[in-house]
Amino acid sequence: MDNLKVVILAAGQGKRMKSEVPKVLHRVLDKTMVGYVIEASQEAGADEICVVVGHQSAMVKNTVKDMYDNITFAVQKEQLGTGHAVMQAGDFIKEGNILILCGDTPLITADTIKELCNTHSNEGNDVTVVSMIVEDPTGYGRIIRESDAFSKIVEQKDANAKEQEVKEVNTGVYIFKAEALNSAFAKLGNNNSQGEYYLTDTLEIIKNAGGKVGIMVAKDDKEFMGVNSKLHLAQASAVMKERINTEHMLNGVTITDPANTYIGKDVKIDKDTIVYPGCMLEGKTVIGKSCIIGPNSRITSSKIDDCVTIQMSVLIDSKVKSFTTVGPFAYLRPNSSIGEHVRIGDFVEIKNSNIDDGTKVSHLTYVGDSDVGKCVNFGCGTVTVNYDGKTKNRCKIGDGVFIGCNTNLVAPVEVGDRAYTAAGSTITKNVPEDSLAIARNRQENKEGWRKKVDKG
Ligand code: UD1
Ligand code: CA
């Protein structure tokens, strides 16, 4: 559709969330609710997007700005109703096709938005509202028809007994021709039980002025579920989770227990990867084929190549190349880059380090701010001492190095190719290649000591 401009209403407080965080910033899986609405709009081909903020406007605005480019904001200082909220968009709604969405309906899809745009232009409507038929219409505005055609929308609080029985309700999603919307705004009042400027009233105004009002009945109610409480948030998350997991399974990913697997919308997983229960895969994570992920792993914005095994581990902003195994109980902190055929074993923490191909860091080791070569073997209990209380320093470990158990490598320090460190050493000086560094006291045996002690 040409000149598609989206206004997203996000000024409300959301009292029922019982939260210090503005409603639209609550997350469904790993993404804010308003984020889903923005992305659905972009996917549907929106030319411009305006978010109407009000309650805690700075926080909503900054969070949205950090995530998305080219968003316009309008501020609604006082929440005087949905019509008043849209009016605050000012020049943004002066021309074009104006699509209204709510920031608290994260389940809406781009396909539905496209269908609405098509219906609207094919029927030549001045405004098209999306309705849905629900078992329990309580709380919604009712769509009142007159011999099938649109008559008006009546809010719950203004509806008479007969109108309250109507099960076709307003989803709160509409598309307007800008001229029709602006002429209706000129006539919009707030003479209703809540003293609010209702956007819903503009449809009746447009109809009375001889305009054409269309209704598109939604195929799937779930898409229009408005989140007003933490209970709704969990329900919306369950729907989103099922939707995302289904797509992965249809693409050839094995998810052994979809109810217990939490994958963010932007995560990509290639076929024949198996995801075991208790995994949270988040952010811009990309996982290759034939990997084994989980159980119980959290992977955030990381790139995992093919045939990698990750068990019961946490990975953040890191990269792991093919045929590597991570865990159980490993922690890859930001900016860690792990090569091919590497083993990162149990109780190992890696931070801001590069570990090259074939290296084994099998147990109880901390590698921070280090560059590690190929086929290095770390003995159990190795620590890179990267922080002197003031600054962080790097360790450099060459190819084929053997680090003895319980070695401290006090950075900055370099261990040359093929060098050894003796178990229990605290290495403070560079170790030349091919040498053995021993940095501990020589053992002394006091023979017969026990017998002397026992005699007193
Ligand atoms: C609205 C509709 C109702 C519809 C329902 C669907 C009106 C008058 N009623 O009712 O017909 O069935 O949505 O969910 O439009 N907002 C602002 N500024 C305001 C008021 C609201 O930005 O001054 C925002 C809210 O943050 C929210 C959205 O608009 O995102 C909807 O407002 P809400 O108060 O939830 O409307 P409902 O009473 O549910
Ligand atoms: Ca309301």
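Numbering of ligands and ligand atoms starts at 1, following listing order.
- Distances below 4.0 Å separate heavy atoms of T82 from the following atoms of ligand 1: 7 (C), 8 (C), 15 (O), 20 (C), 21 (C), 29 (O), 31 (C), 32 (O).
- For the atom pair CZ (F185) and CD1 (I93), the distance works out to 5.0 Å, reported to the nearest 0.5 Å.
- Taking distance alone, with nitrogen or oxygen atoms compared against 3.5 Å, L9 approaches ligand 1 more closely than that limit.
- The CD1 atom of I293 lies 10.5 Å from the CD atom of Q311; values are rounded to the nearest 0.5 Å.
- Listed by atom number, the atoms of ligand 1 under 4.0 Å from D104 heavy atoms are 30 (O).
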> Is there a side-chain hydrogen bond (donor to acceptor under 3.5 Å, both in side chains) between S193 and D158 once you walk through the steps?
Replying inline: CA-CA 6 Å; S193 65; D158 305 291; 2.8 Å; yes
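- Across the listed options G103, G81, A85, G12, G81 owns the non-hydrogen atom lying nearest to atom 23 (O) of ligand 1.
- Take M1 and apply the side chain to side chain contact (heavy atoms under 4.5 Å, CB included) test, not counting sequence neighbours, and it matches L4, N97, C117, H120, S121, I175.
- With a heavy-atom cut-off of 4.0 Å, E196 does not touch ligand 1 at all.
- Side-chain atoms of T138 and D136 form a donor-acceptor pair, as typed in the model, at a separation below 3.5 Å.
- Atoms CG and CZ, on L199 and F176 in that order, are 4.5 Å from each other to the nearest 0.5 Å.
- When non-hydrogen atoms are compared, ligand 1 lies under 4.0 Å from the backbone of T171 (N, CA, C, O) but not from its side chain.
- Polar contact with ligand 1: present for G141 (N/O pair, distance under 3.5 Å).
- Annotation for ligand 1: atoms under 4.0 Å from non-hydrogen atoms of C102 are 28 (C), 30 (O), 31 (C).
- Of the polar atoms of A11, at least one N or O is found under 3.5 Å from an N or O of ligand 1, judged by distance alone.
- The pair D357-K321 does not count as a salt bridge, with every side-chain nitrogen at least 4.0 angstrom from each carboxylate oxygen.
- Residue contact check: Q79 has heavy atoms under 4.0 Å from atoms 18 (N), 19 (C), 23 (O) of ligand 1.
- Close contacts between ligand 1 and Y198 involve ligand atoms 8 (C) [criterion: under 4.0 Å to a heavy atom].
- Within the 4.5 Å cutoff, side-chain heavy atoms of Y36 are placed close to those of L29.
- Atoms of ligand 1 found under 4.0 Å from any heavy atom of L80 (numbered from 1 in listed order, with element): 23 (O).
- The heavy atom nearest to atom 9 (N) of ligand 1, considering only M132, Q156, E155, is found in E155.
- Ligand 1 places these atoms under 4.0 Å from at least one heavy atom of T200: 7 (C), 8 (C), 9 (N), 11 (O), 15 (O).
- Taking CD1 from I108 and CD1 from I113, the interatomic distance works out to 4.5 Å, rounded to the nearest 0.5 Å.
- Of the charged side-chain nitrogens involved, at least one lies within less than 4.0 Å of a carboxylate oxygen, so that K5 and E95 count as a salt-bridged pair.
- Considering backbone and side-chain N/O atoms, E78 never comes within less than 3.5 Å of an N/O atom of ligand 1.
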